[in-house]
Protein chains: 2
Amino acid sequence: MGLQHKIGLILIAFTLGVYGQKQPVDYVNPFIGTSNFGTTNPGPIAVRGMVSVSPFNVAGPKNLPLEKDSRWLSTPYVKENTFLTGFSHLNLSGVGCPELGVILAMPTTGELEVDYLKYGTSYSNEVSKVGYYSNTLDDYNIKVEATATTRVGVSKYFFPAGDANILINLGLGLTNEQGATIKVVSPTEIEGVRSVGSFCYYKPEEAYPVYFVAQFSKPADEFGVWKKPTTYKGAEAEWMGYNGKTRIMPGYAMEVVGDSIGSYMRYNFKAPTVVEMKVGISYVSIENARENLEKETSTRSFDQILAESKENWNGYLSKIEVEGGFEEDKIKFYTALYHTLIHPSTLNDYNGDYPKMRTRETLRTQDTRYTVFSLWDTYRNLHQLMSLVYPRQQSDMVKSMLQIYDESGWLPKWELNATETTTMVGDPAGIVIADTYLKGVKDFDVEKAYMAMVKSADQIQDNPLRPGLKDYLEKGYLTTKTTNSGSVSTTQEYNISDYAIAQLAKALGKKKDYQRFSKRSISYRNLFDKEFNLLRPKNDDGSWLTPYNPEDGANFVKNLGFIEGNAWQYSFMVTHDTKGLMQLMGGSKPFVNRLQDVFDKGHFDMANEPDIAYPYLFNYVKGEERRTQQMVSELLDTYYKNSPDGLPGNDDTGTMSAWAVFSMMGIYPVSPSNPIYTITTPRFNKITIHLDSDYYQQEKITIISNFSEEHRFIDNIKIEGKPHKGYFLSHDELVNGKTLELKLDK
Amino acid sequence: MGLQHKIGLILIAFTLGVYGQKQPVDYVNPFIGTSNFGTTNPGPIAVRGMVSVSPFNVAGPKNLPLEKDSRWLSTPYVKENTFLTGFSHLNLSGVGCPELGVILAMPTTGELEVDYLKYGTSYSNEVSKVGYYSNTLDDYNIKVEATATTRVGVSKYFFPAGDANILINLGLGLTNEQGATIKVVSPTEIEGVRSVGSFCYYKPEEAYPVYFVAQFSKPADEFGVWKKPTTYKGAEAEWMGYNGKTRIMPGYAMEVVGDSIGSYMRYNFKAPTVVEMKVGISYVSIENARENLEKETSTRSFDQILAESKENWNGYLSKIEVEGGFEEDKIKFYTALYHTLIHPSTLNDYNGDYPKMRTRETLRTQDTRYTVFSLWDTYRNLHQLMSLVYPRQQSDMVKSMLQIYDESGWLPKWELNATETTTMVGDPAGIVIADTYLKGVKDFDVEKAYMAMVKSADQIQDNPLRPGLKDYLEKGYLTTKTTNSGSVSTTQEYNISDYAIAQLAKALGKKKDYQRFSKRSISYRNLFDKEFNLLRPKNDDGSWLTPYNPEDGANFVKNLGFIEGNAWQYSFMVTHDTKGLMQLMGGSKPFVNRLQDVFDKGHFDMANEPDIAYPYLFNYVKGEERRTQQMVSELLDTYYKNSPDGLPGNDDTGTMSAWAVFSMMGIYPVSPSNPIYTITTPRFNKITIHLDSDYYQQEKITIISNFSEEHRFIDNIKIEGKPHKGYFLSHDELVNGKTLELKLDK
């Protein structure tokens with residue numbers, strides 16, 4: 001621990017002395033991930049909330065080079081930017097594509113100005129805590145505070161005396177979709193619709209509306225709307241003096257429709273005055289947005305809502321209690337856990353209404369209908385964390401996947417607000433489902449789930465989840481002719497999915513399927529090339545892609561074999577068949593050497609999913625486990641920090657954070673749909689995981705170690721006091737074992 | 001009568017032989033005015049209906065030169081155009097500025113095509129009657145029939161077997177305003193909103209929404225929406241492969257928002273099938289549009305609705321019965337009367353809801369709230385016709401004007417759907433109100449009306465009705481400095497308005513006001529220039545505008561003195577002071593010569609309002625009345641025809657038609673707000689006007705003459721059998737006289 005750490009600890013100790021014991025919620029630093037393309041944001045959000053209230057500072061040339069339209073930027077907030085143009089009420093966290101970032105509210109003073117390039121301002125005094133954000137808008141001397149319930153953003157604007165404005169700008173957003181309607185219902189209410197969609201620049205035909213109702217604690221002295229119309233073309237346009245010009249419509253009480261529209265509430269305050277604004281959201285209707293607002297916030301003050309949010313968050317975060325270790329690690333840990341509790345998030349309204357997949361008819365659910373399933377990312381660890389710590393949520397997530405199947409005929413791949421974005425590759429939902437079931441979280445219709453999994457595994461025609469399935473079934477792999485990118489990596493993904501089906505088939509007593517899919521799951525072996533001792537794409541005729549450089553694809557360069565990566569970054573991604581891979585490579589020694597090469601030669605990419613289990617693979621070779629402990633420790637120290645750049649890159653809806661949560665607990669679900677964990681050094685002396693009694697027999701499990709600056713390597717492992725052999729343990733061993741004890745040495 | 005006339009008569013006689021006696025409604029030819037910029041349309045409409053169903057054939061290069069975006073075009077339909085892109089459900093009739101022409105429906109066959117340039121088609125077999133329109137769409141072999149209730153357009157599409165589509169296109173319209181939302185509610189219903197506004201390219205900030213619900217008699221086999229988004233700019237747009245491209249969204253069940261959007265119902269018919277579509281409209285809400293639809297059409301078939309429409313129209317048209325004369329004149333007469341019963345039209349919903357002026361809060365009325373008040377036109381004769389024949393409607397129109405005053409603080413000038421467009425000049429509402437009251441139609445709050453009239457006459461600051469009022473009050477006239485166009489003509493308009501106030505003041509016993517406004521009403525005399533014996537603009541210092549050519553302003557060329565005209569076209573427009581003008585000109589002889597010069601020298605413009613009373617002014621000089629009879633007869637024969645070009649120009653919401661109605665009856669309300677008529681040759685042998693017993697004591701009045709090809713000039717006049725002196729009679733003489741008998745000679 002350096003001097004800085006010590007000072008930090010002294011300050012924390014002092015704080016605790018004054019205010020009492022620090023809660024998990026107090027360790028969360030929502031600024032982590034707001035730089036270095038982490039794409040998290042510091043806006044307050046409830047646990048798995050539909051709504052967050054993020055400062056929006058990515059529009060306008062003052063924010064260059066991290067300006068939203070000047071590049072592929074996928075976050076409403078970047079820590080190093082300085083020009084704020086409002087607070088957006090719908091935001092994705094930790095994603096790699098621009099979307100949402102809409103329903104922007106902005107308080108200003110003085111004359112009404114509706115051009116965000118003019119009303120935008122720098123800001124200071126930023127504070128972000130769980131459920132809370134605050135800053136001061138420099139140009140206006142307005143302090144802003146924000147909090148949120150599941151479906152309602154709540155803001156407080158501290159206006160100085162004089163003219164004041166609250167703008168709702170529907171023209172601005174992170175999304176590339178356009179179109180909105182807005183209507184001032186009364187001097188205390190605005191309602192509207194904003195179109196969003198085209199995540200990752202895909203599927204514009206599935207663009208969809210979000211509905212909102214904004215209510216204000218003080219009636220506006222004046223209100224109105226504005227519209228900047230599209231510039232009209234044609235000879236007739238010569239007559240249109242107003243062509244393309246922004247128009248203000250004071251006192252207007254009906255819908256205004258357009259791409260660039262907004263609404264304002266205007267006040268004249270004799271003395272400094274606080275206005276509270278609540279913005280309720282729905283994906284179904286304005287009426288539901290209003291009901292969400294009223295049911296979730298009606299009689300409660302900002303402070304009550306904030307307190308409830310904090311308490312609720314603390315309840316979730318406290319499901320894992322950590323003791324000992326570094327204070328910085330606690331911040332990293334609880335912030336990571338916080339990030340895993342944002343997505344998947346809530347789609348349904350308070351009354352259970354939610355939109356059907358794609359066509360968006362209104363359906364109703366009893367449970368939570370979750371959305372934002374970035375499954376190519378999250379199948380690797382996030383859902384495993386949920387099954388362990390929040391099985392009720394995980395169960396509802398599986399049920400949501402099955403609703404998606406019911407509605408669309410297919411399990412999700414990358415579902416977002418009832419649209420299947422078909423982003424990324426593979427068929428990951430079944431892996432999550434199998435993993436969940438095999439962890440004992442079974443309160444869903446497993447037969448239906450199984451049928452859905454087999455459907456995407458077997459249906460050759462019109463299969464949106466497994467393009468290239470014909471080649472895969474006939475040859476065992478996709479070829480360079482099957483797809484123009486990722487023939488090897490997609491084969492690997494299908495293999496893992498087939499493995500998951502096999503595991504579930506086995507559990508369900510479907511022996512033939514178990515055999516069939518087990519066999520299919522190792523077909524990647526056909527693509528193992530002894531020449532490079534790595535995977536290599538094959539052509540349609542079965543020949544190797546030639547010439548071939550296994551480094552092709554580094555830095556996300558598009559290539560025939562691998563999606564977002566190269567042979568180094570993918571060859572070990574056969575987590576279900578690591579021992580098979582080892583044989584292919586010629587045994588444990590060559591395997592370890594080749595794996596070490598990945599790190600030593602700079603191929604390892606902590607910021608992308610294919611490699612993230614790599615550090616744990618040394619555990620498969622007896623005697624090499626220290627490499628895992630060493631590597632995980634280094635990665636945690638290098639890429640995870642208590643600072644805005646404290647994530648390796650996109651958080652990938654919590655996947656990078658889930659990696660940190662598991663890694664810091666010393667266990668990692670190294671093989672999705674295989675209910676095992678592999679073990680590394682925990683970062684705390686005592687970790688208590690409180691188990692949900694609806695799903696688990698034990699109340700809690702405890703991981704104990706003598707971790708310290710000096711004690712970082714595992715000497716021996718005990719479960720319930722009994723020595724444990726090897727660096728793997730099953731889920732049952734973990735959850736029934738009560739205590740996992742790790743003796744560390746230097 | 002030429003040969004053609006005789007053949008026509010034979011055919012009509014034959015028709016009557018088969019089908020019985022011809023009703024007034026059978027004489028209406030809705031194609032009159034659909035060419036020569038008459039800007040009427042042949043779409044079915046109820047009496048003063050909110051909705052009409054007009055064929056829309058003004059979009060796309062195939063309609064050049066009369067294409068909507070290539071010029072200032074103000075009608076959804078032009079007879080000589082050939083390329084139809086749908087049927088628009090909201091249309092203005094006889095106006096001079098583009099507006100509405102929205103909510104376009106189009107039936108097609110075959111593959112779905114949503115680009116109107118591609119799905120548009122030529123058509124044939126056009127039929128238009130009162131309440132009915134039909135054609136056949138050539139490219140699709142679809143017969144279309146349409147009718148309408150007050151607030152609902154009803155269409156029948158006769159599809160051949162095979163694939164069929166019904167498109168609702170909200171991207172296309174005559175209006176220059178943009179923005180719409182659309183939603184398929186079910187396989188039999190679509191709802192939406194379309195923005196309209198900016199009449200005459202003014203006041204974009206008062207653009208407003210119209211709401212609609214479309215219901216279909218057969219559930220669609222498939223449905224969906226489409227959107228053509230605005231083209232996105234910026235570096236990020238490089239990623240957007242869909243940028244600016246039309247997208248189809250099959251099965252989509254939520255709102256879509258945008259400038260260029262639409263919705264489709266799609267069928268596959270085994271056999272030829274008729275689909276009936278009802279489109280309900282509201283200016284208040286979708287709910288009201290649906291209620292309008294259900295209340296007005298729910299259980300009734302197309303044929304029932306059509307029969308009711310026809311019957312209702314016939315009832316109104318039959319208030320004036322004509323006998324004898326030419327059959328062609330009956331067509332011209334009843335078509336003109338039909339055109340006077342279109343605008344002002346209905347703004348309020350079935351339940352009484354209507355939008356408040358400008359801000360568009362929802363208000364409710366017991367009576368009909370009328371809209372489309374083109375008062376600079378209609379104050380001259382249309383409202384006089386209403387007071388005489390349809391006093392209940394006229395009363396409601398005055399009440400609507402007072403509602404407008406209550407809501408906005410000002411009487412209307414050119415009100416359109418709860419926006420004050422401020423088109424044209426002057427302060428005409430008070431003239432209508434005074435005229436109405438003095439005709440005995442008094443069931444409105446006359447004291448409020450009077451107050452409103454005086455307000456616009458006296459309030460110098462922020463007066464939207466009388467710009468330049470300060471100069472007018474101080475100098476008696478507007479100067480070339482006061483306004484950049486129309487200083488003289490606006491002075492004349494204010495004079496006439498002041499005269500109206502004076503007349504109403506007199507009737508209400510307000511003697512001082514009577515004197516004050518009487519004096520003000522003749523201040524135009526200051527602008528009479530002996531040099532030209534015409535009116536002439538004055539400069540701010542009281543000097544004449546020099547150099548000066550009284551012909552400046554012909555052909556609508558903008559000029560300092562006169563709006564849409566020149567000194568010739570305006571100098572006699574002092575209908576309240578014709579005798580004063582006569583004195584200024586040096587007596588009756590020079591007056592008659594100067595007036596005759598207007599016609600002989602080609603200055604007279606039948607197509608614009610300032611001159612339309614000119615032909616009647618000869619009646620003010622004893623012995624010169626034959627000139628009036630000659631001139632009116634010639635104008636009726638020259639400019640009014642039973643053909644698409646059968647109006648002098650823009651119908652001006654019925655003003656040109658009202659001129660024809662009065663002129664063909666032989667009476668004309670030559671001096672607005674002065675309850676007199678002047679007399680000319682009627683075109684029929686017997687004209688019976690059925691009076692409304694709520695307002696008049698007599699059941700009817702009769703105008704009898706021996707008009708024929710050979711008898712065109714008045715020899716003597718009798719009222720109730722007693723000789724009548726002169727060519728004027730008061731309203732009381734007319735409505736109490738029972739019979740006006742005109743003896744004609746050659």
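- Both the backbone and the side chain of T230(A) have a heavy atom closer than 4.5 Å to some heavy atom of chain B.
- The choice from E205(B), E361(B), E206(B), K203(B) that makes the most heavy-atom pairs within less than 4.5 Å of chain A is E205(B).
- Interface residue K68(A): backbone and side-chain heavy atoms are both found under 4.5 Å from chain B.
- Note: W72(A) and W239(B) have perpendicular aromatic rings, judged against thresholds of 30 and 60 degrees for the angle between ring planes.
- In this structure, a donor-acceptor pair under 3.5 Å is present between the side chains of Y211(A) and E255(B).
- Within the 4.5 angstrom heavy-atom criterion, only backbone atoms of R71(B) (N, CA, C, O) approach chain A.
- Neither the backbone nor the side chain of F223(B) comes within contact range of chain A; no heavy atoms are under 4.5 Å apart.
- Both the backbone and the side chain of P250(B) come within contact range of chain A, each with at least one heavy atom under 4.5 Å from a heavy atom of that chain.
- Annotation: side chain of Y252(A) is in contact with side chain of Y208(B) (closest heavy-atom distance under 4.5 Å).
- The shortest distance between side-chain heavy atoms of P204(B) and K227(A) does not fall below 4.5 Å.
- Contact annotation for E177(B): only side-chain heavy atoms (C-beta onward) come within less than 4.5 Å of a heavy atom of chain A.
- Looking at S198(A), both its backbone and its side chain come within 4.5 Å of chain B, counting heavy atoms on both sides.
- Of the listed residues N176(B), T181(B), I248(B), the one with more heavy-atom pairs under 4.5 angstrom with chain A than any other is N176(B).
- In terms of heavy-atom pairs under 4.5 Å with chain A, the best-connected choice from G179(B), S285(B), P229(B) is G179(B).
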